[in-house]
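A short worksheet on the structure shown next.
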Amino acid sequence: MIIIKTPDEIEKIKAACAITAEIFAVIKPWIKPGISTWDLDQIVYETIVKHGARPSFLHYGDPPFPASACISINDEVVHGIPRKDRILRDGDIVSVDVGSYLDGFHSDAARTFLCGNVDPAVEKLVRVTEESFWIGIAQAQQGKRIGDISHAIQTHCESQGFGIVKELSGHGVGRDLHEDPEILNYGHAGKGPRLQAGMVIAVEPMVTLGSPHIVLEDDDWTIVTRDGQAAAHYENTVVIREDGPEILTCLERTRP
Ligand code: MG
């Protein structure tokens, strides 16, 4: 069931989203060779609790996720577990996926950062993944359908020669971290639930340099590409307004 949020609920979600947006600005200067994903996670945790919020991902799921952020490097698509012995190296791409929970509501967003000198093909993957979010979210207009977003994301990524992960998707956001509707990153325009003002959704393309097939690691969380090639992730929480989508977790840009 898709829950349409009231104006008061949307204000609360916006407050949770503002914290998540700030995390990316705080973390960006720390994405350098030599730092551990554990240390990055500590910075995320401190930024969240400083605002009186709590990390949406900490202890989420089964087995309980043990950290505040999912930090996924290179062939890790999503859900990488921060570790003291996981050290960033020159040329890595580093996806940081975080959520903040404040006053009864969640937020959810991800960025893929470049660490040092990244291979141009991988850098293009990161750029196109982000572009596909903006091209997809431009479709998030009242009266259009979820499939319009999905189709736009898929079309852009595949036109650039990249793969779309099919097993993972975006979702509604609210009192629960993952609500209806499911938002696939592939599909047919004109299909799926109709978008309406008051819906809050997280749109999150997960895009691969090579084959889109994925594998779950033995830690029961980390998802990697089967062929070992790089993957990128970009996500924002978005509210559908009567005059179009408003992006809530991006400090630089709030409209498509
Ligand atoms: Mg998400």
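Both counts, for ligands and for their atoms, begin at 1 and track the order of listing.
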Legend entry - Least distance between heavy atoms, T112 atom then S95 atom: OG1-CB, 3.6 Å

Inset, instruction - Return the number of protein N, O or S atoms with a distance to the Mg ion (ligand 1) smaller than 2.8 Å. - result: 4

Inset, instruction - Kindly assign one of parallel, tilted or perpendicular to the pair Y101 and H106, based on the angle between their ring planes and the thresholds 30° and 60°. - result: tilted

Legend entry - Geometric class of the F113/F24 ring pair [parallel <30°, tilted 30-60°, perpendicular >60°]: tilted

Identify every side-chain donor-acceptor pair in residues 247-254 under 3.5 Å, counting partners at least two apart or on other chains, and give the distances.
unit_1, atom_1, unit_2, atom_2, d
T249, OG1, N236, OD1, 2.7
T249, OG1, T237, N, 3.0
R253, NE, R255, O, 3.2

Legend entry - I146 with V173, same ILVMFWY side-chain cluster at under 4.5 Å: no

Legend entry - H51-E22 side chain donor-acceptor pair, cut-off 3.5 Å: yes

